[in-house]
Amino acid sequence: MAIDVRKHKKKFLDQKPSINLVPFIDILFTIMIFLVVTSNFSATDVQADDAAQDIEQGSGKPNVTDVSGDQEYYVVPVANLHKVTVDGQDRSDAIAGSAVGVQARVIDEGQVTIKPGEIVIKTPPGISVDQAVQRPEL
């Protein structure tokens, strides 16, 4: 009995490769589930790290850009804000929703130091402690 090699060779060459996407999709979803389960979506950690970097890098003033406008007070949010000190006086009563309103002149001319959970403000001459910070309306 003879084997027809040409017939099998032609049959083999005429076959088109097929790609099975089911294992790829299974692996992709497994990786996505792993990333979602192991990720930490806490905004507190990110803001606390950014505040710590701001203190080390520069003056400690919040980044108020030109697009912020010309408001009298700016809302300064800090993660887990529990203490605001203005010229050595505790003004924690001005905190609302982990944020405090700081007068624009204090940001421009004074010294604002932001630490995780705390803001220390030194006002420029002519601004009282009560004018420096205000409770933001939420």
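Just so you know, these numbers come straight off a predicted model, no measurement behind them.
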J.: Run through Ile127, Val106, Thr123 and flag the one making a side chain to side chain contact (heavy atoms under 4.5 Å, CB included) with Val86.
T.: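 Only one of Ile127, Val106, Thr123 forms a side chain to side chain contact (heavy atoms under 4.5 Å, CB included) with Val86, namely Thr123.
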J.: If you take all heavy atoms of Gln89 and Val129, which pair is closest and at what distance?
T.: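 Minimum heavy-atom contact is OE1-CG1, 3.6 Å.
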J.: Keeping Arg135 on the side-chain end and Ile95 on the backbone end, is there a donor-acceptor pair under 3.5 Å?
T.: yes
J.: Do you reckon Phe29 sits in the same ILVMFWY cluster as Val22, going by side-chain contacts under 4.5 Å, direct or chained?
T.: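 No, Phe29 and Val22 fall in different hydrophobic clusters.
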J.: In terms of hydrophobic clustering (I, L, V, M, F, W, Y; side-chain heavy atoms under 4.5 Å; direct or indirect links), are Val75 and Val78 co-clustered?
T.: no
J.: Atom OG1 in Thr30, atom CZ in Phe34: separation rounded to 0.5 Å?
T.: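 If I round to the nearest 0.5 Å, the distance is 11.5 Å.
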J.: Is the shortest side-chain heavy-atom distance between Phe12 and Lys9 below 4.5 Å?
T.: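 A side-chain contact is absent here, since even the closest heavy-atom pair is not under 4.5 Å.
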J.: Please lay out, stage by stage, how Asp130 and Ser128 fare under the test side-chain hydrogen bond (donor to acceptor under 3.5 Å, both in side chains).
T.: CA-CA 5 Å; Asp130 294 329; Ser128 70; 5.1 Å; no
J.: Linking Ile, Leu, Val, Met, Phe, Trp and Tyr through side-chain heavy atoms less than 4.5 Å apart, which residues share a cluster with Val37?
T.: Ile33
J.: Name all pairs fulfilling the salt bridge (Lys or Arg N to Asp or Glu O under 4.0 Å) condition that reach into residues 74-86, sequence neighbours left out, sorted by first residue then second.
T.: none
J.: Should Ile119 and Val112 count as side-chain neighbours, where that means a heavy-atom distance under 4.5 Å?
T.: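 Result yes, sub-4.5 Å side-chain heavy-atom pair found.
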J.: Might you point out which heavy atoms bring Val84 and Ser92 nearest each other, and give the distance in Å?
T.: N-OG, 3.4 Å
J.: Minimum heavy-atom separation for Gln103 and Gln131, please, with both atom names.
T.: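 In this case the closest contact between Gln103 and Gln131 is CB-O, 3.8 Å.
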J.: Mind checking the CD1-CG spacing from Ile27 to Leu21? Nearest 0.5 Å is all I need.
T.: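 Between Ile27 CD1 and Leu21 CG, I get 11.5 Å after rounding to 0.5 Å.
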J.: Arg91 and Thr85: side chain to side chain contact (heavy atoms under 4.5 Å, CB included), yes or no, with the steps?
T.: CA-CA 6 Å; Arg91 283 300 315 262; Thr85 307; over 6 Å; no
J.: For residues Pro124 and Gly110, report the shortest heavy-atom separation together with the two atoms involved.
T.: CD-CA, 3.8 Å
